[in-house]
Asker: 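Encoded as structure tokens, here's the structure I'll be asking about.
Note: hydrogens, waters and symmetry copies are ignored here, and every other heavy atom, side chains too, is used. Below, chain A is the first sequence line, B the second, and so on; all start at residue 1. Note that the coordinates shown come from a computational prediction; the quantities given were computed from them, not determined experimentally.
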Protein chains: 2
Amino acid sequence: MNPLLFDFMKKISYRHIGGKISLNTKEIAAELGMSQQSVSRDLIILEDEGYVVRKRVKRGEEVVLTDKAFREFRNELNIMQYILKSSEEIEIEGILFTGLGEGSYYISREGYVSRIRQILGFVPFPGTLNLRVSEGYEIYVPILNSINGFEVQPFEQEGRKFGGVKILKARLREENVGIVIPERTHYENVLEIISTEHLRAKYGLKDGDKIKVVIPKNQGTDNL
Amino acid sequence: MNPLLFDFMKKISYRHIGGKISLNTKEIAAELGMSQQSVSRDLIILEDEGYVVRKRVKRGEEVVLTDKAFREFRNELNIMQYILKSSEEIEIEGILFTGLGEGSYYISREGYVSRIRQILGFVPFPGTLNLRVSEGYEIYVPILNSINGFEVQPFEQEGRKFGGVKILKARLREENVGIVIPERTHYENVLEIISTEHLRAKYGLKDGDKIKVVIPKNQGTDNL
DNA sequence: ATTACTACGTTCCGAGTAG
DNA sequence: TCTACTCGGAACGTAGTAA
């Protein structure tokens, strides 16, 4: 957003009544803490760029902020809200797809089940939801690795070795779910989600559906 | 707010995980669309001003945005929200006080009563609420004059002349009220509020109480 | 490999003043 | 009176390069 406009809206727009601000450049300058000359120049630029419409009147002028100006201002506001929100949680969108079905085998191993129950407070449904991260959200995936989640130690069972994973608490629709992050994976824009119920059935989900998961950056501690 | 910080937060802070951003100046520069040198200089400045804390690591550095940075960012956001809101309505705070009691006489004159009923849809309680505008809100009062409210024409009754006034629709707590603006007043940081009930009784208001009124800038039309 | 100083071109700001 | 042009100085941005 044009910084001129930004300043102008922040410092002047409260005077915007019935669509107009009635002021002269000297007064505006005083309120903005800049010179009359700069205000004059900036108004010309803002007018050129379609952010204000001006009309000369007796002792000054009327300045009208255009819809474009308000639209961009609101957009800027939305971006800032998103940033503040994303300083606390990450939202990732993905497309549901069917994997190789390995998830359901692994997740049923006792070593995982008991630990997941300890972390998430529920026995995982024997099957995972695979999400292929949508375009534009890939940048958030590596960030998941940096979040302090809950470690599941490697273990052996039935003569097989099962690798360590990290579990992140997350929300999907109204469900508390977990995201399984394999230790030292070459991350591939796929999220594997565990839940206590069969979410495909509960929500009527099918391959190709767009799903969003929200992951708090502060995952709490592992001392329950 | 420091524009450097602003840009930095808007473009980089999504990487802020577990309190840290791990990047080198070249990468930051690429994301911000500026040179490595400028990023370096800006980080030094942001550090000096207490907005970031830096720690050199192997292949770059970790940048921590401080609470101060988030606080100012959030503050900026609040200001912007307020501006957007105040482009639609004005909120004025004032202190309740007891006037000379004239209001109750004037407002009971038939010429006013019928017109107020037409405008606000209720018969005014015979008495007004006087609000002395709080410090910091004075700037909004002259603006009220510019709002297209509802005119009450001057009239004569019982051999006396009653001047024209302008009525603005407003809200006070959950009540629809009116604000009486005398024609060509030398405005004095006092708002006179009319309502359908005795608000002092209904809300237990007493002199010295802080009250807020909200006045929409778009008052609608007078054709009901 | 990464940060940051120097030096210099460009942009921005505002006093003077014209219109 | 008010807006806006000119122009000199300050601030900003970055290539080159040192640390």
Asker: Please report the distance, rounded to the nearest Å, between CD in E61(A) and P in dA4(D).
Answerer: 6 Å

Asker: Out of the candidates I193(B), V177(B), I107(B), I167(B), only one should pair with P124(B) under the side chain to side chain contact (heavy atoms under 4.5 Å, CB included) rule; please name it.
Answerer: I107(B)

Asker: Using a heavy-atom cut-off of 4.0 Å across all strands, would you classify Q36(B) as base, sugar-phosphate, or nothing?
Answerer: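 Counting heavy atoms under 4.0 Å across all strands, the contact made by Q36(B) includes a base.
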
Asker: Decide yes or no on salt bridge (Lys or Arg N to Asp or Glu O under 4.0 Å) for E49(B) and K68(B), but give the supporting numbers first.
Answerer: CA-CA 10 Å; E49(B) 297 181 348; K68(B) 181 182 177 188; over 6 Å; no

Asker: Could you tell me the separation between the CG atom of L43(B) and the P atom of dT3(C), rounded to a whole number of Å?
Answerer: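 Rounded to the whole Å, the gap is 9 Å.
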
Asker: Under 4.0 angstrom, heavy atoms only, what part of the nucleic acid is R41(A) near: base, sugar-phosphate, or nothing?
Answerer: base

Asker: What does I44(A) touch in the nucleic acid at a heavy-atom separation under 4.0 angstrom: a base, only the sugar-phosphate, or nothing?
Answerer: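 It contacts sugar-phosphate atoms only.
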
Asker: Using whole Å, what does the distance between atom C1' of nucleotide dT2(C) and atom CG of L23(B) come to?
Answerer: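 Spelled out: CG on L23(B) to C1' on dT2(C) is 13 Å.
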
Asker: Take the protein atom CG of L46(A) and the nucleotide atom P of dT3(D), then report the distance between them rounded to whole Å.
Answerer: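 So the two atoms are 15 Å apart, to the nearest Å.
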
Asker: Has T25(B) got a side-chain N or O lying under 4.0 Å from the OP1 or OP2 atom of dT2(C)?
Answerer: no

Asker: Ignoring backbone atoms, establish whether R54(A) has a side-chain N or O less than 4.0 Å from OP1 or OP2 of dA4(D).
Answerer: yes

Asker: Return the nearest nucleotide to the side chain of R56(B); candidates are dT3(D), dG14(C), dT3(C).
Answerer: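 Nearest to the side chain of R56(B) among the choices is dT3(C).
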
Asker: Would you verify whether the NZ or CZ of R109(A) falls within 45 degrees of the ring axis of Y105(A) while also being under 6.0 Å from that six-membered ring's centre?
Answerer: yes

Asker: Within this structure, what is the CD1-to-P distance between I45(A) and dG14(C), rounded to whole angstrom?
Answerer: 13 Å

Asker: Rounded to whole angstrom units, what separation is found between the CG atom of N24(A) and the P atom of dA4(D)?
Answerer: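 Atom-to-atom, N24(A) to dA4(D), this comes out as 12 Å.
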
Asker: Any side-chain heavy atom of V63(B) sitting closer than 4.5 Å to one from L46(B)?
Answerer: no

Asker: How many angstroms lie between CD in E138(A) and CZ in R132(A), if you round to the nearest 0.5 Å?
Answerer: 12.0 Å

Asker: Send over the distance from D7(A) CG to dC12(C) P, rounded to a whole Å.
Answerer: 14 Å

Asker: Separation of D42(A) atom CG from dT11(C) atom C1', in whole Å?
Answerer: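 Those two atoms, CG and C1', are 13 Å apart.
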
Asker: Does OP1 or OP2 of dC13(C) have a side-chain N or O of S38(A) closer than 4.0 Å?
Answerer: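 It does not, given that no N or O in the side chain of S38(A) lies less than 4.0 Å from OP1 or OP2 of dC13(C).
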
Asker: Which sits closer to the 5' end of DNA chain D, G60(A) or Q37(A), going by the nucleotide each is nearest to?
Answerer: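 Closest to the 5' end, via its nearest nucleotide, is G60(A).
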
Asker: Which one, dT14(D), dC13(C), dA4(D), comes nearest to the side chain of S35(B)?
Answerer: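 In terms of side-chain proximity for S35(B), the closest of dT14(D), dC13(C), dA4(D) is dT14(D).
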
